[in-house]
Participant: 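Submitted below is the structure of interest, expressed as structure tokens.
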Amino acid sequence: MRTHTEQTEQTEQTETTLHTPVIAWFEANARDLPWRRPEAGAWGVMVSEFMLQQTPVSRVLPVYEQWVARWPRPADLAAEAPGEAVRAWGRLGYPRRALRLHGAAQAIRDRHNGDVPSEHAQLLALPGIGEYTAAAVASFAYGQRHAVLDTNVRRVFARTVTGVEYPPNATTAAERRLARSLLPEDRTRAAEWAAASMELGALVCTARSPECGRCPVAAHCAWKLAGKPAHEGPPRRGQTYAGTDRQVRGKLLAVLREAVAPVTQQALDAVWDEPVQRARALDGLVSDGLVEPMADGLYRLPLT
DNA sequence: CAACCGTGGAT
DNA sequence: TATCCAAGGTT
């Protein structure tokens, strides 16, 4: 059990060595991203968070602008056919996110009077929102105090605090505990810290080639102080893509996205020559709700 | 908890 | 050319 004095000293130490320099760096170096502007609102923040799940900022930007212009409120998206969300998703990847965002918009309309909820638990209950996204929306859109633990923050903590090059493959309880312990007490300060620590990982403390010369906390970084030891343990997950069901699904869905009318089986068959895998991929798309088979043997993006 | 789920730019 | 990796979530 820690004494009150020890707790206070730890907090003040963190404030001096981490929070202040990182937040000051953020204020001088933050990107001017559209979802960070006040007019974005909670819905803009939420849309951006869905799109940014495993997709780089540069590819999200144009699609984000189209989405919020076309569907400025959750109810606007909720009123659309889900297939329209899938179509407008374009080539962002992982199109189930589009379906889930559409489902989340409907839930917001039905359960929250059309307003993006501010409570973490209510956000978490929406489709497509997990621990990270719930914390991100609550923090960025509503200024709440939550540990926002994404891949950037995990890497920053791994290096500056733990002294290793990369975080574990899957998020651990120890990482969550660490993130909570480093969270400033003050709500506003906590929200600033969340955005700032994430941005530091995105711009400076990057996975491939960190620019420690630009890092505001390089002097305190445990990894740098240890001489930047190379990563130990199992190699990072290497995911092959060519020849997988995912690639086939992507090709099939691309045909549906670009078609204005329902598509024939023949048109879908043209994208992949191996019939068993092709059928399996199409079945998967249908069971995921991304593709709707029609009674006459045609296929289209889902209307309901 | 490991596997699955897209896509494209950088190295 | 092959690999890495990008604001994760769901099963």
Side-chain angles (χ1 to χ4, degrees), chain A residues 26 30-31 33-36 40 44-64 86 89-101 103-104 123-141 146-156 165-173 175-176 179 191 194-203 205-210 231 234-257 271 280-281 283-285 287-291:
Chain A
F26 180 70
R31 292 167 290 180
L33 300 170
W35 45 87
R36 286 180 177 162
V45 171
M46 185 172 145
V47 170
S48 77
E49 290 301 337
F50 270 75
M51 292 182 173
L52 288 164
Q53 290 169 2
Q54 301 286 282
T55 303
V57 168
S58 60
R59 287 174 50 208
V60 164
L61 283 169
V63 183
Y64 170 83
V86 174
W89 197 252
R91 306 188 65 81
L92 285 182
Y94 292 145
R96 294 189 294 188
R97 291 181 293 166
L99 231 39
R100 292 175 184 147
L101 181 49
L123 288 163
L124 197 56
L126 298 173
I129 294 193
E131 177 58 39
Y132 161 77
T133 303
V137 173
S139 179
F140 302 155
H146 292 286
V148 181
L149 197 55
D150 79 323
T151 187
N152 290 303
V153 175
R154 294 180 62 217
R155 188 172 55 248
V156 168
E165 186 174 16
Y166 297 114
N169 280 327
T171 305
T172 63
E175 286 181 279
R176 282 187 266 271
S197 54
M198 193 177 308
E199 189 81 336
L200 184 65
L203 297 185
C205 194
T206 58
R208 283 290 187 88
S209 47
H231 179 68
R236 324 282 293 160
R237 62 182 183 282
Q239 47 175 17
T240 53
Y241 179 64
T244 61
D245 285 6
R246 276 150 88 170
Q247 184 183 21
V248 184
R249 287 167 56 108
K251 286 179 176 296
L252 290 170
L253 201 58
V255 172
L256 276 295
R257 273 200 314 265
V271 306
R280 184 173 65 235
D283 278 352
L285 289 170
S287 60
D288 285 350
L290 284 162
V291 172

Participant: With a non-hydrogen cut-off below 4.0 angstrom, is Arg96(A) in contact with a base, only sugar-phosphate, or nothing?
Facilitator: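 Counting heavy atoms under 4.0 Å across all strands, the contact made by Arg96(A) includes a base.
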
Participant: Using OP1 and OP2 only, check whether a side-chain N or O of Thr133(A) sits under 4.0 Å from dG9(C).
Facilitator: yes

Participant: Below the 4.0 Å mark, does dG9(C) have OP1 or OP2 next to a side-chain nitrogen or oxygen of Tyr132(A)?
Facilitator: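 False: Tyr132(A) side-chain N/O out of range (4.0 Å or more) of dG9(C) OP1/OP2.
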
Participant: Quickly work out the Gln54(A) CD to dT10(C) C1' distance and round it to whole Å.
Facilitator: 13 Å

Participant: Which whole number of Å gives the distance between the C1' atom of dA2(B) and that of dA7(C)?
Facilitator: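 To the nearest whole Å, 23 Å.
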
Participant: Students often get this wrong, so: under 4.0 angstrom with heavy atoms, is Arg257(A) touching a base, only sugar-phosphate, or nothing?
Facilitator: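 Touches sugar-phosphate only.
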
Participant: Taking the minimum atom-to-atom distance to the side chain of Thr55(A), which one of dA7(C), dG8(C), dG6(B) wins?
Facilitator: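 For the Thr55(A) side chain, the nearest candidate turns out to be dG6(B).
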
Participant: Taking the side chain as every heavy atom from C-beta outward, state whether Asp288(A) and Leu99(A) have any pair of such atoms under 4.5 Å apart.
Facilitator: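 The answer is no; the side chains never approach within 4.5 Å.
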
Participant: Write down the distance between CG (Leu101(A)) and P (dG9(C)), rounded to a whole number of angstrom.
Facilitator: 13 Å

Participant: Within the 4.5 Å heavy-atom criterion, are Leu200(A) and Asn152(A) side-chain neighbours or not?
Facilitator: no

Participant: Side-chain N or O of Arg155(A) versus OP1/OP2 of dA6(C): is the shortest distance under 4.0 Å?
Facilitator: yes

Participant: Using a 4.0 Å heavy-atom cut-off, does Gly130(A) contact any base of the nucleic acid, only the sugar-phosphate backbone, or nothing at all?
Facilitator: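 Sugar-phosphate: the residue Gly130(A), judged by heavy atoms under 4.0 Å, touches backbone atoms but no base.
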
Participant: Would you say the side chain of Arg246(A) lies within less than 4.5 Å of the side chain of Tyr94(A), judging by non-hydrogen atoms?
Facilitator: yes

Participant: Among the nucleotides dG9(C), dT7(B), dA6(C), which one has an atom lying closest to any side-chain atom of Arg59(A)?
Facilitator: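 Of dG9(C), dT7(B), dA6(C), dT7(B) is nearest to the side chain of Arg59(A).
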
Participant: According to a strict under-4.0 Å criterion, is Arg91(A) in side-chain N/O contact with OP1 or OP2 of dG8(B)?
Facilitator: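 Checking Arg91(A) against dG8(B): at least one side-chain N or O falls below 4.0 Å of OP1 or OP2.
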
Participant: By the 4.0 Å heavy-atom rule, please label Leu33(A) as base, sugar-phosphate, or nothing.
Facilitator: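 Base, at least one base atom sits under 4.0 Å.
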
Participant: Counting the atoms with a prime plus P, OP1 and OP2 as sugar-phosphate, which does Gln247(A) contact under 4.0 Å by heavy atoms, base, sugar-phosphate, or nothing?
Facilitator: nothing

Participant: Under 4.0 Å, counting only non-hydrogen atoms across every strand here, what does Arg36(A) touch: a base, just sugar-phosphate, or nothing?
Facilitator: base

Participant: What contact category does Trp35(A) fall into here, base, sugar-phosphate, or nothing, at under 4.0 angstrom with non-hydrogen atoms?
Facilitator: base

Participant: Which residue, Gly250(A) or Ser209(A), contacts DNA chain B at a nucleotide closer to its 5' end, judged by nearest heavy atom?
Facilitator: Gly250(A)

Participant: Classify the nucleic acid contact of Ala207(A) as base, sugar-phosphate or nothing, counting any heavy atom under 4.0 Å across all strands shown.
Facilitator: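 Sugar-phosphate contact only - Ala207(A) comes under 4.0 Å of backbone atoms but never of a base.
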
Participant: Would one find a side-chain N or O of Arg249(A) under 4.0 angstrom from OP1 or OP2 of dG6(B)?
Facilitator: yes

Participant: Starting at CG of Leu52(A) and ending at C1' of dG8(B), how long is that distance when rounded to a whole Å?
Facilitator: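 My rounded result for the distance is 15 Å.
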
Participant: With a 4.0 Å cut-off on heavy atoms, is Arg208(A) in touch with a base, just the backbone sugar-phosphate, or nothing at all?
Facilitator: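 Base, at least one base atom sits under 4.0 Å.
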
Participant: Is the phosphate of dC5(C), meaning OP1 or OP2, less than 4.0 Å from a side-chain N or O of Tyr166(A)?
Facilitator: yes

Participant: Just the rounded figure in Å: distance from P of dG8(C) to CG of Leu124(A).
Facilitator: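 Atom CG in Leu124(A) sits about 16 Å away from atom P in dG8(C).
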
Participant: Provide, to the nearest angstrom, the distance between the CG atom belonging to Leu203(A) and the P atom belonging to dA10(B).
Facilitator: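 That distance rounds to 15 Å.
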
Participant: Using the C1' atom as the point on both nucleotides, what is the distance between dT1(C) and dG8(B), in whole Å?
Facilitator: 16 Å

Participant: Pick the nucleotide of DNA chain C nearest each of Ala136(A) and Ile129(A); which residue has the one closer to the 5' end?
Facilitator: Ala136(A)

Participant: Specify the separation, in whole Å, of atom CG of Asn169(A) and atom C1' of dA2(B).
Facilitator: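 About 11 Å, once rounded to whole Å.
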
Participant: Using atom types as modelled and distance alone, determine if a side-chain donor or acceptor of Arg96(A) lies under 3.5 Å from a backbone N or O of Gly289(A).
Facilitator: no

Participant: State whether the side chain of Ser287(A) and the backbone N or O of Gly284(A) hold a donor-acceptor pair below 3.5 Å, judged by distance alone.
Facilitator: yes

Participant: Is Leu253(A) touching bases, backbone alone, or none of the nucleic acid, heavy atoms closer than 4.0 Å?
Facilitator: nothing

Participant: I need the CG-P distance between Leu126(A) and dG8(C), as an integer number of Å.
Facilitator: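 Whole-Å distance recorded here is 18 Å.
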
Participant: Going from CG on Leu101(A) to CE on Met51(A), what distance comes out if it is rounded to the nearest 0.5 angstrom?
Facilitator: 7.0 Å

Participant: Identify the two heavy atoms, one from Val156(A) and one from Cys205(A), that lie closest to each other, and give their separation to 0.1 Å.
Facilitator: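 Closest approach of Val156(A) to Cys205(A): CG2-CB, 4.0 Å.
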
Participant: Whole-Å distance between dG9(C) P and Phe50(A) CZ?
Facilitator: 9 Å

